[in-house]
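Below: the structure, in structure tokens.
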Amino acid sequence: MKAAEKLIQIARAEIGYLEKTSNKDLDSKTANAGSANYTKYARDLYPSLQGQAWCDMFVDWCFVKAFGEKKARGLLGGFSAYTPTSAQYYKDKKQWYTYPKAGDQIFFKNSVRICHTGIVIRVAGDRVYTIEGNTSGASGVVANGGGVCEKSYALSYAGIAGYGRPDWSLVEEPGYEPGWHRDGNGWWYQNADGTWPAMCWKMINHHWYLFGASGYMLTGWVQWDGEKTGAGDWYYLEESGEFQGACWHGKADESGALERWEVG
């Protein structure tokens, strides 16, 4: 699962949560509902700010829930329950945008300052769709609205100040297409299921290749006993050309196993 999708999944599970009248039933979505700004988001992340406006707390809480506190802090640039400060974190890192992508933090403005925030869940046509805390289902920006809701706005909506985009590379491994890949250590092969061969033979395009413990294709003379290198029979693997790799040392028998090639 992509990091942005993980974040959105967590935010979506919170839709319908209502703030509480007091510091009671904070984990229930609807029990003790009121207008005193008591939430589990403040309890877990900003206990000294319990009872205060919580839209930014909600966003931070979703990031922490998805990635842990340390990684969430890196993605957000820092923690703050004050929306202008949170927006400035992105601006300082040059991660502030005028067009959204799923997983962005959206910021809204009034005539004075940035005043509200949420999470972008998708962009379709000329609209951006969000999940926001401390809002309502009414159209337009509703700051301090009391609940977690899914909403949407025209991309041209004047109340949108901009979008902060987390650096997802902090929590995602680089993705690779199935097939051959090369880096500073050599050639390796990405399987379609996201795995790669290691400590095994693999037939690719009618040729056999032997992959070492780190997943890199082996070349030259290699000793292999069926489980590890450095023991067993010797095999000679040709030097690779692009997407060719090393050729198998002999033909396969009916079982698919490589025939033994005696080295004299």
Side-chain angles (χ1 to χ4, degrees), residues 3-4 6-93 103-121 130-138 140-151 153 159-164 166 170-171:
K6 183 177 182 181
L7 172 71
I8 291 167
Q9 185 180 76
I10 287 171
R12 192 178 295 280
E14 297 301 306
I15 292 174
Y17 184 91
L18 300 176
E19 68 181 50
K20 313 305 176 186
T21 298
S22 62
N23 197 22
K24 177 186 175 185
D25 297 320
L26 297 181
D27 290 305
S28 172
K29 277 193 172 182
T30 57
N32 194 32
S35 57
N37 282 324
Y38 279 81
T39 68
K40 65 179 180 180
Y41 313 117
R43 177 199 64 194
D44 294 347
L45 211 56
Y46 296 97
S48 66
L49 298 179
Q50 187 70 278
Q52 303 298 312
W54 52 276
C55 63
D56 211 345
M57 301 184 203
F58 167 74
V59 172
D60 292 357
W61 184 92
C62 289
F63 273 85
V64 171
K65 191 77 171 176
F67 309 112
E69 185 172 341
K70 182 177 180 179
K71 289 180 179 179
R73 186 181 294 276
L75 290 166
L76 295 164
F79 290 144
S80 175
Y82 186 54
T83 52
T85 300
S86 294
Q88 193 63 46
Y89 286 150
Y90 289 109
K91 293 176 181 179
D92 290 345
K93 298 198 303 178
D104 285 356
Q105 184 170 357
I106 185 172
F107 290 90
F108 300 93
K109 62 184 178 180
N110 56 26
S111 61
V112 178
R113 63 171 176 84
I114 288 174
C115 63
H116 186 62
T117 190
I119 296 169
V120 175
I121 59 172
T130 67
I131 296 175
E132 302 162 30
N134 203 17
T135 189
S136 76
V141 175
V142 181
N144 206 26
V148 178
C149 300
E150 181 174 346
K151 305 190 70 168
Y153 307 84
I160 297 174
Y163 307 90
L170 298 175
V171 291

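None of these values were measured; they are calculated from a predicted model.
- Here the closest heavy-atom approach between residue D25 and residue K20 is recorded as O-CE, 3.3 Å.
- Every side chain to side chain donor-acceptor pair (under 3.5 Å) that Y153 has, sequence neighbours left out, goes to E132.
- Residues V142 and H116 come closest through the heavy atom pair O-CE1, 4.0 Å.
- Between D44 and W61, some side-chain heavy-atom pair lies under the 4.5 Å cut-off.
- Atom CD1 of I121 is separated from atom CD1 of I8 by 6.5 Å, given to the nearest 0.5 angstrom.
- Of all heavy-atom pairs between G137 and C149, the closest is N-SG, 3.7 Å.
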Checklist entry - Stepwise, does the side-chain contact (heavy atoms from CB on, under 4.5 Å) test hold for N37 with N144? => result CA-CA 8 Å; N37 282 324; N144 206 26; 3.1 Å; yes
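- For K71, the NZ atom is loosely surrounded, since the number of other residues' heavy atoms within 6.0 Å does not exceed 12.
- The closest side-chain heavy-atom distance from S86 to T117 is not below 4.5 Å.
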Item to check | Chi angles and distances behind the side-chain contact (heavy atoms from CB on, under 4.5 Å) call for I160, F108 | outcome: CA-CA 4 Å; I160 297 174; F108 300 93; 3.9 Å; yes
Next on the checklist: Would Q88 and K91 count as a side-chain contact (heavy atoms from CB on, under 4.5 Å) here? Give the steps.
Outcome noted: CA-CA 5 Å; Q88 193 63 46; K91 293 176 181 179; 3.9 Å; yes
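- Nearest heavy-atom pair, M57 versus A42, reported as atom, atom and distance to 0.1 Å: SD-CB, 3.5 Å.
- Scanning both residues, A3 and V171, for their nearest heavy atoms gives CB-CG2, 3.5 Å.
- No side-chain donor-acceptor contact under 3.5 Å links D104 to the backbone of Y163.
- Closest of all the heavy-atom pairs between T83 and F107 is O-CE2, 3.6 Å.
- Put simply, the side chain of Q50 reaches to within 4.5 Å of the side chain of T39, judged on heavy atoms.
- In this structure, the separation between CD1 on I131 and CD1 on I106 is 12.5 Å, given to the nearest 0.5 Å.
- With T21 contributing its side chain and A33 its backbone, the two residues share a donor-acceptor pair below 3.5 Å.
- With a 4.5 Å cut-off on side-chain heavy atoms, V64 and F79 count as touching.
- Checking Y46 against D60 by side-chain atom types alone, a donor-acceptor pair falls below 3.5 Å.
- If you look at Y41 and Y17, their ring centroids are closer than 6.0 Å.
- Side chains of D56 and N134 form no contact here, defined as non-hydrogen atoms less than 4.5 Å apart.
- Note: R12 CZ to I119 CD1 = 11.0 Å, rounded to the nearest 0.5 Å.
- Counting heavy atoms from C-beta outward, L76 and Q105 have side chains that approach closer than 4.5 Å.
- Counting heavy atoms of neighbouring residues, nucleotides and ligands inside a 6.0 Å radius, atom NZ of K65 does not exceed 12 of them.
- Ring orientation note: the planes of W54 and F58 are nearly perpendicular, at an angle over 60° on the 30°/60° scale.
- Atom OH of Y38 sits about 9.5 Å away from atom CD of Q52, to the nearest 0.5 Å.
- No donor-acceptor distance shorter than 3.5 angstrom exists from the side chain of K40 to the backbone of S28, with no hydrogens or angles considered.
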